[in-house]
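Nothing here was measured: the structure is a model prediction, and the numbers come from that model.
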Amino acid sequence: MGGLDQARAPIYEALEEFRGERIVPFDVPGHKRGRGNPELVELLGQQCVGIDVNSMKSLDNLCHPVSVIREAEELAAEAFGAAAAFLMVGGTTSSVQSMVLSVCKRGEKIILPRNVHRSVINALVLGGAIPIYVNPEVDGRLGIALGMKLSSLERTMKEHPDAVAVLVNNPTYYGICSNLGEIVKTAHARGMKVLVDEAHGTHFTFGEGMPVSAMKAGADMASVSMHKSGGSLTQSSILLAGPGITPGYVRQIINLTQTTSASYLLLASLDISRRNLALRGREEFGKVTALAEYARGEINGIGGYYAYTSELINGDSIFDFDRTKLTVNTLGIGLAGIEVYDLLRDEYDIQMELGDIANVLAYISIGDRERDMERLISALVEIRRRYGRENGGMFTQEYIEPRVAVSPQGAFYAPKESLPLMETRGRICSEFVMCYPPGIPILAPGEEITEEILAYIVYAREKGCSMTGPEDPGIERLNVLKEEWI
């Protein structure tokens, strides 16, 4: 680390000082340190509710930080090796959207893989930038999209030399990493900015032997989900910027959509978590990796399951692998990932991070214990014995290449009509359809609805995937563009 004292946590320290003062609250929030809402105090405790406070001089203001929040952001920037850092209280969704809106204006092109989180496409709906998709390779056996191939990216850059930015998922939800260093060099040589959705890679900066982090690879901006592997409260995130980005402009972009009433519970959790990772991250993530590696060996010894890791590395579309991710392919026991997910939750009281058509994912992080891992392994043994069957007629595809007919913004705001799902083939979708998690759209606004996509939606719905996005919550109907508008 550099010259700042990473053992400090300025926001936390200011809140502790505030807690010791006897301030009479004639400001918001209206619960007045919990006195007006005793049930809230009973749920969360006086320690928590007592510091759920509004921005005031002694506590700074997230919209224009000049004291303790500014100090906390400087510490975060140093810890992550960035030129600037922004504490975010709208989740990594807000970080991703601010990142895209900071470098892309209406009508400008951004190159990105299609298996992005919906927050990226939401940013295009809001800002009007045009997506140029690099379709990822798919591992047909595992049913997952892979990283961004350098040759595909270079070809796309030549076809669209006027693109202003490249966005990369690194890592993907499943732990797949692209060749980020070369992507940055290639993009910068053409004058393009590089944005990284690093939601699932907080630990890359702090762990030993991890894939390269976005800032270390020279990326211009990165969105880091501190509440995932970093241990902060849900909805808290950090946006990082490199030296080629103007921090004041990014703050203006953030303030377009982020709340002016930032939660100090979230801000303090970011401050404390950054300190924890800076001081103890190397040791903690060493334990996380060891636990995940142990579990993989045990699960692969059961038979039928495949918990994959760095043996997949091919130097291109799988340039590196995040070994803390415990993703288990379940098709070998004749069950979809979502079916194993449901069985673990309903029969064994084990909550997994996600189940999709072919895989189930356990998110291993700094709070996990060996005895809990033993319980998961034992449950998977029992599920194979009790529920396993022949693998016949099962889908594996997790990514279907789309045909983009209209820009996301154009399609989202265009005149539309609602049709029964199975009558939409050949029409242009005006809304999102996705399984959540992972939140990667099966359909996004502006894309053509095909027979293959419809079959996938029906299959995923029947298997029990949590389907989100459309106006109709039952996914019985979809909104499509009126034909006379196209």
Asks: With a 4.5 Å heavy-atom cut-off, do Ile449 and Leu454 have their side chains touching?
Replies: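 Of all side-chain heavy-atom pairs linking Leu454 with Ile449, at least one is under 4.5 Å.
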Asks: For a 4.5 angstrom cut-off between non-hydrogen side-chain atoms, does Ile238 reach Leu87?
Replies: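 Ile238 reaches Leu87 side chain to side chain.
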Asks: Taking Asn329 for the side chain and Leu142 for the main chain, is one N or O donor matched with an acceptor at less than 3.5 Å?
Replies: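 It does hold such a pair.
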Asks: Taking the side chain as C-beta and beyond, is there a heavy-atom pair between Tyr264 and Ser55 under 4.5 Å?
Replies: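 Side-chain contact under 4.5 Å: yes.
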Asks: Does a donor on one side chain and an acceptor on the other come within less than 3.5 Å for Tyr387 and Glu339?
Replies: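 Note: Tyr387 and Glu339 side chains miss the donor-acceptor criterion.
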Asks: May I ask you to decide if Ile475's main-chain N or O and Arg461's side chain share a donor-acceptor pair within less than 3.5 Å?
Replies: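 Confirmed, Arg461 side chain pairs with Ile475 backbone.
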Asks: Does Glu108 reach the main-chain N or O of Val164 with its side chain, forming a donor-acceptor pair under 3.5 Å?
Replies: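 Flag not set: sc Glu108 to bb Val164 has no pair under 3.5 Å.
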Asks: Do any N or O atoms from the side chain of Glu431 and from the backbone of Asn479 form a donor-acceptor pair under 3.5 angstrom?
Replies: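 Between the backbone of Asn479 and the side chain of Glu431 there is a qualifying donor-acceptor contact (under 3.5 Å).
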Asks: Quick check: are there more than 12 heavy atoms from other residues, nucleotides or ligands sitting under 6.0 Å from CZ of Phe412?
Replies: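 No, the 6.0 Å shell around CZ holds no more than 12 heavy atoms from other groups.
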Asks: May I ask you to decide if the ring planes of Tyr363 and His200 are parallel, tilted or perpendicular, using 30° and 60° as cut-offs?
Replies: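 Judged by the thresholds at 30° and 60°, the geometry between Tyr363 and His200 is tilted.
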Asks: Measure the OH-CG distance between Tyr133 and Asn115 for me, rounded to the nearest 0.5 Å.
Replies: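 If we round to the nearest 0.5 Å, Tyr133:OH and Asn115:CG are 10.5 Å apart.
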Asks: Using only atom types and a distance under 3.5 Å, with no angle test, would you say the side chain of Thr424 pairs donor to acceptor with the backbone of Arg427?
Replies: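 Not a single qualifying donor-acceptor pair exists.
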Asks: Could you check whether any side-chain N or O of Thr330 sits under 3.5 Å from a backbone N or O of Gly337, counting only pairs where one atom can act as donor and the other as acceptor?
Replies: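 At least one qualifying donor-acceptor pair exists.
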Asks: For Leu326 and Ile299, what are the C-alpha separation, side-chain angles and deciding distance, and is it a side chain to side chain contact (heavy atoms under 4.5 Å, CB included)?
Replies: CA-CA 10 Å; Leu326 180 59; Ile299 292 167; 4.2 Å; yes
Asks: In this structure, which one of Asn359, Asp322, Asp356, Thr327 forms a side-chain hydrogen bond (donor to acceptor under 3.5 Å, both in side chains) with Tyr174?
Replies: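 Among Asn359, Asp322, Asp356, Thr327, the one meeting side-chain hydrogen bond (donor to acceptor under 3.5 Å, both in side chains) with Tyr174 is Asp356.
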Asks: Rounded to the nearest 0.5 Å, what separation is found between the OG1 atom of Thr205 and the CE atom of Met215?
Replies: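 Spacing of OG1 (Thr205) from CE (Met215) equals 8.5 Å.
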Asks: Going from OG on Ser94 to CG on Asn122, what distance comes out if it is rounded to the nearest 0.5 angstrom?
Replies: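 One gets 11.5 Å once the value is rounded to the nearest 0.5 Å.
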Asks: Counting only heavy atoms not in Glu390 (residues, nucleotides, ligands), do more than 12 fall under 6.0 Å from its CD?
Replies: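 Counting neighbours around CD of Glu390, 12 or fewer heavy atoms of other residues, nucleotides or ligands fall under 6.0 Å, so no.
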Asks: Please determine whether the number of non-hydrogen atoms from other residues, nucleotides or ligands lying under 6.0 Å from atom CZ of Arg425 exceeds 12.
Replies: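 Open: at most 12 neighbouring heavy atoms sit under 6.0 Å from CZ of Arg425.
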Asks: Hey, could you give me the CD1/OG1 distance between Ile253 and Thr246, rounded to the nearest 0.5 Å?
Replies: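 Answer rounded to 0.5 Å: 11.0 Å.
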Asks: Evaluate the criterion side chain to side chain contact (heavy atoms under 4.5 Å, CB included) for residue pair Ile183 and Asn170; output intermediate values, then yes/no.
Replies: CA-CA 11 Å; Ile183 288 172; Asn170 206 72; over 6 Å; no
Asks: Could you walk me through whether Cys435 and Met467 satisfy the side chain to side chain contact (heavy atoms under 4.5 Å, CB included) test, starting with their C-alpha distance in whole Å, then the side-chain angles of each, then the deciding distance to 0.1 Å, before giving a yes or no?
Replies: CA-CA 5 Å; Cys435 297; Met467 306 288 286; 3.5 Å; yes
Asks: How close do Asp220 and Ile245 get, heavy atom to heavy atom, and via which atoms?
Replies: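 Looking at all heavy atoms of both residues, the closest pair is O-CG1, 3.4 Å.
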Asks: Evaluate the side-chain proximity of Met352 to Val340: yes if any heavy-atom separation is below 4.5 Å, no if none is.
Replies: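 Not touching, per the 4.5 Å side-chain cut-off.
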Asks: With distance as the sole criterion, is a donor-acceptor pair present between the side chains of Thr92 and Ser225 under 3.5 Å?
Replies: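 Judged by distance alone, the side chains do pair up.
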Asks: Can you confirm whether more than 12 heavy atoms, excluding those of Glu42, are under 6.0 Å from its CD atom?
Replies: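 Not more than 12 within 6.0 Å, no.
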Asks: Considering non-hydrogen atoms only, spot the tightest contact between Tyr305 and Asn300 and give its length.
Replies: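 Scanning both residues, the minimum pair turns out to be O-OD1, 3.8 Å.
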Asks: Which heavy-atom pair separates Pro131 from Ala129 by the least distance, and what is that distance?
Replies: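 So the minimum-distance heavy-atom pair works out to CD-O, 3.8 Å.
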Asks: Tell me, with the steps shown, if Leu265 and Ile51 meet side chain to side chain contact (heavy atoms under 4.5 Å, CB included).
Replies: CA-CA 7 Å; Leu265 301 176; Ile51 57 170; 3.7 Å; yes
Asks: State, yes or no, whether a side-chain contact exists between Ile428 and Arg403 at a heavy-atom distance under 4.5 Å.
Replies: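 Yes, close enough: below the 4.5 Å cut-off.
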Asks: Any side-chain heavy atom of Lys325 sitting closer than 4.5 Å to one from Thr172?
Replies: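 Side-chain contact under 4.5 Å: no.
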Asks: Measuring only between side-chain heavy atoms, which start at C-beta, is Ile357 closer than 4.5 Å to Ile338?
Replies: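 No, every pair of side-chain atoms sits at 4.5 Å or beyond.
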Asks: If we ignore hydrogens and angles and just use 3.5 Å, is the side chain of Lys32 paired with the main-chain N or O of Asp27 as donor and acceptor?
Replies: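 Yes; judged by distance alone, with no hydrogens or angles, the pair exists.
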Asks: Answer whether the closest heavy-atom distance between the side chains of Gln258 and Gln97 falls below 4.5 Å.
Replies: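 Counting from C-beta outward, Gln258 and Gln97 never come under 4.5 Å.
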Asks: Might you point out which heavy atoms bring Gly127 and Gln409 nearest each other, and give the distance in Å?
Replies: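 Shortest heavy-atom separation between Gly127 and Gln409 comes out as C-NE2, 3.8 Å.
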Asks: Any donor and acceptor pair, going by atom type alone, linking the side chain of Ser223 with main-chain N or O of Leu239 inside 3.5 Å?
Replies: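 Absent.
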Asks: Taking all non-hydrogen atoms of both residues into account, name the closest pair between Lys193 and Gly244 and its distance.
Replies: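 Of all heavy-atom pairs spanning Lys193 and Gly244, the closest is NZ-O, 3.3 Å.
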Asks: If you measure only the distance, is there a donor-acceptor pair under 3.5 Å linking the side chains of Asp197 and His117?
Replies: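 No pair is found: no donor N or O on one side chain lies under 3.5 Å from an acceptor on the other.
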Asks: Quick check: does any side chain N or O of Arg389 sit under 3.5 Å from a backbone N or O of Leu335, one acting as donor and the other as acceptor?
Replies: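 Flag not set: sc Arg389 to bb Leu335 has no pair under 3.5 Å.
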Asks: How far apart are the closest heavy atoms of Pro65 and Arg251, and which atoms are they?
Replies: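 Taking every non-hydrogen atom into account, CG-NH2, 3.3 Å.
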Asks: Donor-acceptor pair, Asp316 side chain versus Leu150 backbone, under 3.5 Å?
Replies: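 Looks like yes, one N/O pair under 3.5 Å.
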Asks: So which of Glu137, Glu447, Glu401 actually passes salt bridge (charged side-chain N to carboxylate O under 4.0 Å, His left out) with Arg114?
Replies: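 The salt bridge (charged side-chain N to carboxylate O under 4.0 Å, His left out) with Arg114 is passed solely by Glu447 among Glu137, Glu447, Glu401.
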Asks: Going from CD1 on Ile313 to CZ on Phe321, what distance comes out if it is rounded to the nearest 0.5 angstrom?
Replies: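 Between Ile313 CD1 and Phe321 CZ, I get 8.5 Å after rounding to 0.5 Å.
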Asks: Please test Lys482 against Glu417 for salt bridge (charged side-chain N to carboxylate O under 4.0 Å, His left out), starting from the C-alpha separation and ending with a verdict.
Replies: CA-CA 6 Å; Lys482 289 191 172 180; Glu417 60 182 322; over 6 Å; no
Asks: Could you give the distance from OG1 (Thr186) to CG (Leu153), rounded to the nearest 0.5 Å?
Replies: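 Reported value, rounded in 0.5 Å steps: 6.5 Å.
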